[in-house]
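Since the structure comes first, as structure tokens, the remarks are kept for the end.
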Amino acid sequence: MRHIDPGLQYIQPNGELTAEGRVVWEEIDPQLRLDFYRWMVKVRLFDRRSIVLQRQGRIGTYAPLEGQEAAQVGSALALTTLDWIFPSYREHGVAMIAGMPLDRILLYWMGRVEGNLAPEGVRLLPPAVPIATQLPHATGAAWAAKLKQEPSVSVAYFGDGATSEGDFHEALNFAGVFNLPVIFFCQNNHYAISVPFSRQSATLTVAEKAAAYAMDGIRVDGNDVLAVYDVMAQAVQRARNGGGPTLIEAVTYRRGAHTTADDPSRYRDEQEAQEWIKYRDPLDRYRKLLHAEGMLSEAEERLWEETCKQELEEAVRAAESAPAPPASHLFAHVFEELTVSQRRQLEELNRGEGNDKDE
Amino acid sequence: MAVISYIDAVTQALREEMQRDEKVFILGEDVGVRGGVFQVTKGLIDEFGEARVLDTPLTESAIAGVAIGASVYGMRPVAEIQFADFIMPAVNQIVSEAAKMRYRSNGQWHCPLVIRAPYGGGVNGALYHSQSVEAMFNSVPGLKIVAPSTPYDVKGLLKAAIRDEDPVLFFEHKRCYRLIKGEVPEDDYTLPIGKADVKREGTDVTVISYGLTLHFALQAAEQLEQEGISVHVLDLRTLLPLDKEAIVEAAVKTGKVLVIHEDNKTGGVGGEVSAIIAEEALFDLDAPIQRLCGPDVPAMPYSPPLEKEFMLDVNKVKEAIRDLAHF
């Protein structure tokens with residue numbers, strides 16, 4: 001098996017805690033320990049169900065996240081409703097924990113208009129697709145928090161590919177200069193579509209780039225939910241207390257395809273993927289730990305999986321029964337008030353002529 | 001009413017808006033201690049402090065991106081791009097994010113931000129301190145673009161831009177900064193974005209322009225009056241959205257239209273203005289629509305004779321108006 005330096009690790013792949021991990025584990029509320037497990041299961045089942053829905057033509061192209069559950073669940077559970085989340089397009093797990101209902105997330109992948117609407121009070125932006133554009137936004141929200149003197153922290157979620165973009169540098173540099181309460185959370189899943197991390201960067205890690213911005217850079221085992229949570233919780237606390245930004249690199253692996261329109265067998269060694277699935281799975285190791293700690297039985301596992309599946313089916317039903325948007329919605333939310341030209345185009349559309357002739 | 005310069009109108013609008021609303025803050029390169037390379041923000045750091053007049057790193061994409069993030073959080077950032085030429089690294093943020101935030105979030109989040117940038121030549125600024133970039137953004141729904149030509153319009157429109165709930169690009173012609181003076185009320189007022197303004201009434205030829213070249217048109221009109229040519233001058237003021245009604249009305253008024261801008265001809269705002277007239281008022285025209293614009297060369301030369309060649313001036317405008325009057 002290939003050696004991977006996983007970074008900070010508390011739960012070993014065999015499910016055993018490290019000595020340091022044991023100390024952290026004892027401090028974690030038992031309810032939170034169970035929440036780690038429950039969310040990871042729910043996220044994985046959602047992901048698998050979504051792929052099936054895509055194959056059945058019931059949702060559009062979908063970006064799978066299997067393998068990255070611990071990175072998303074561990075980090076998102078360390079946040080509060082005060083905090084701002086600027087995600088990329090693979091962060092459905094984060095979105096769920098932030099408070100996005102499952103049916104809304106499905107609606108997004110159906111291309112329905114409601115899919116990006118976070119419930120009232122949830123500071124979650126729609127997924128950023130252009131790559132790394134959300135990083136300066138997180139920096140900007142952190143600057144706003146400073147101006148408003150509010151104790152909120154901003155988090156930008158992104159992948160290893162985004163670290164090659166100019167916006168990565170500009171956002172981290174700005175955050176470093178002004179010591180802003182922002183966390184840059186990179187899920188290094190080793191591939192940006194087909195391009196491996198070695199083609200994104202000459203450095204071996206993402207975390208070491210933090211040195212260039214005089215901020216803490218932490219490489220953590222992204223498949224270890226406990227370590228991710230702990231690292232994130234510390235970064236949040238540091239940011240809230242005026243300690244400035246942190247770059248976190250969660251080392252993980254995208255088990256599946258980039259999206260359902262991609263085929264990883266064209267560029268990736270299947271054996272490599274199998275190693276991650278068999279030996280470094282985030283859920284397996286956590287399940288083993290809970291079993292060893294006497295916190296989870298097989299019956300409870302089955303019960304929780306059933307509960308999740310039921311919830312998922314209800315979400316699918318809700319999403320599929322959502323009414324189609326009216327054609328006029330094409331012009332909704334362009335501006336606070338439409339321009340004269342846009343109003344005319346909308347009237348044209350409402351008359352059912354359906355072209356974009358502007359008069 | 002006090003007579004002030006174009007640049008002082010910018011400063012006045014910024015100061016008054018920052019006094020009025022503590023959510024308004026400025027960010028950009030050299031805007032703080034230096035007061036801006038043109039002194040637009042002079043004195044503001046003393047009045048409002050360095051957090052609200054933020055000297056940023058050299059980082060145009062982040063200047064725009066930070067403004068977006070802060071505006072989503074409820075602030076009203078006014079970002080300065082030091083020269084419009086340097087807006088290019090921020091295009092992704094402006095076009096892909098600011099212009100689409102309201103739309104892609106179904107109205108949940110929006111970006112009430114202003115990006116100010118001095119543009120235009122005639123100041124020996126050479127290739128990278130003279131460009132007009134407005135046309136590059138003029139086909140982006142979700143943006144508003146304002147390019148005023150007088151101090152009165154500057155103050156009223158900048159205030160309106162800052163109070164607007166959507167992103168506004170505010171282009172200031174840098175040659176106008178100290179050249180153009182005019183009466184500006186000391187009171188608070190705004191002007192509507194999206195409304196053009198008739199700057200001179202006339203009956204023979206209609207000139208449609210904005211920015212510095214608008215003043216060439218006004219001077220030309222003044223001089224041509226002695227030759228018996230009556231020129232109607234429309235100042236677009238807002239380039240996106242264009243004021244179609246005013247454009248058509250101005251075109252119909254004389255039946256002869258000259259569109260002038262410093263930005264290069266191909267793909268410029270003048271093409272859209274001409275198309276509007278062609279669509280809506282073709283049979284009211286007595287001559288083909290004419291455009292007098294900057295040449296289609298990559299940049300404003302540093303060489304003084306070549307820069308002069310690139311720039312429009314009163315004589316070039318007069319000649320074009322005369323040609324059209326005699327058509």
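Residue numbers start from 1 in every chain, and the chains themselves are labelled A, B, ... in the order their sequence lines are given, proteins ahead of strands. Quick caveat: nothing in here was measured; it's all calculated off a predicted structure. The analysis underlying the following values was restricted to heavy atoms, covering all of them including side chains, and did not include hydrogens, waters or symmetry mates.
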Next item on the list: Tell me, for B:L143 versus chain A, whether the close heavy atoms (under 4.5 Å) come from the side chain, the backbone, both or neither.
Entry: backbone
Next item on the list: Show your working on side-chain hydrogen bond (donor to acceptor under 3.5 Å, both in side chains) between A:S201 and A:K209 and close with a plain yes or no.
Entry: CA-CA 10 Å; A:S201 178; A:K209 294 171 192 284; 2.8 Å; yes
Notebook entry, point to check: Would A:T246 and A:R238 count as having a side-chain donor-acceptor pair, cut-off 3.5 Å?
Noted result: yes
Check: Side-chain donor-acceptor pair under 3.5 Å between A:Y213 and A:H169, yes or no?
Finding: yes
Next item on the list: Classify the side-chain pair A:H333/B:R104 by whether it contains a donor and acceptor separated by less than 3.5 Å.
Entry: no
Notebook entry, point to check: Which bit of A:K146 is near chain B, if near means a heavy-atom gap under 4.5 Å: side chain, backbone, both or neither?
Noted result: neither
Item checked: Proximity breakdown for A:L117 and chain B, heavy-atom pairs closer than 4.5 Å -> both
Notebook entry, point to check: In terms of heavy-atom pairs under 4.5 Å, which option from A:A332, A:A118, A:A128, A:P130 contacts chain B the most?
Noted result: A:A118
Check: Between the side chains of B:E47 and B:Q19, does any donor sit under 3.5 Å from an acceptor?
Finding: yes
Margin query: Can you confirm whether the side chains of B:Q93 and A:H137 place a donor and an acceptor under 3.5 Å from each other?
Written below: yes
Checklist line | Segment of A:A142 engaging chain B (4.5 angstrom heavy-atom cut-off) | finding: neither
Check: Is chain A contacted by the side chain of B:N106, its backbone, both, or neither, given a heavy-atom distance below 4.5 Å?
Finding: both
Item checked: Contact origin within A:L124 toward chain B - heavy atom pairs under 4.5 Å -> backbone
Next item on the list: Would you mind checking which part of A:L125 comes under 4.5 Å of any heavy atom in chain B, side chain (CB onward), backbone (N, CA, C, O), both or neither?
Entry: both
Checklist line | Under 4.5 Å from any heavy atom of chain B - which part of A:P127 | finding: backbone
Checklist line | Contact listing (chain B partner; residues 170-177 of chain A; heavy atom under 4.5 Å) | finding: A:E170, A:N173, A:F174, A:V177
Next item on the list: Provide the closest heavy-atom pair for A:L147 versus B:A51 in the form atom of the first, atom of the second, distance.
Entry: CD2-O, 3.5 Å
Item checked: B:A67 versus chain A, the contacting section by heavy-atom distance below 4.5 Å -> neither
Item checked: Residues from residues 152-167 of chain A approaching chain B under 4.5 Å (heavy atoms) -> A:S152, A:D167
Next item on the list: Taking all non-hydrogen atoms of both residues into account, name the closest pair between B:S61 and B:P89 and its distance.
Entry: CB-O, 3.3 Å
Notebook entry, point to check: How are the rings of B:Y73 and A:W84 set relative to one another: parallel (under 30°), tilted (30 to 60°) or perpendicular (over 60°)?
Noted result: tilted
Notebook entry, point to check: In terms of heavy-atom pairs under 4.5 Å with chain A, which of B:E165, B:E245, B:H110, B:E97 leads?
Noted result: B:E97
Item checked: Closest contact, heavy atoms only, B:T238 versus B:G194 -> OG1-N, 2.9 Å
Item checked: Interchain contact, A:V182 with chain B, by part (heavy-atom threshold 4.5 Å) -> neither
Note to self: Taking side chain as everything from C-beta outward and backbone as N, CA, C, O, which of these in A:A138 sits under 4.5 Å from a heavy atom of chain B? Side chain, backbone, both or neither.
What the structure shows: neither
Notebook entry, point to check: Under a 4.5 Å heavy-atom cutoff, which of B:T56, B:L242, B:L58, B:I276 has the most pairs with chain A?
Noted result: B:T56
Checklist line | Minimum heavy-atom distance between A:I248 and A:A235, given as atom pair plus value | finding: CD1-CB, 4.0 Å
Check: Is it true that A:R344 and A:E347 have a side-chain N and a carboxylate O under 4.0 angstrom from each other?
Finding: no
Check: Is there a donor in the side chain of B:S105 and an acceptor in the side chain of B:K100, or the other way round, less than 3.5 Å apart?
Finding: no
Note to self: Is it true that B:Q82 and B:D30 share a donor-acceptor pair across their side chains at a distance under 3.5 Å?
What the structure shows: yes
Notebook entry, point to check: What closest approach, in Å, do B:I87 and B:I115 show between heavy atoms, and which atom pair accounts for it?
Noted result: CD1-CG2, 4.3 Å
Next item on the list: Classify the ring geometry between A:H258 and A:Y89 as parallel (under 30°), tilted (30 to 60°) or perpendicular (over 60°).
Entry: perpendicular
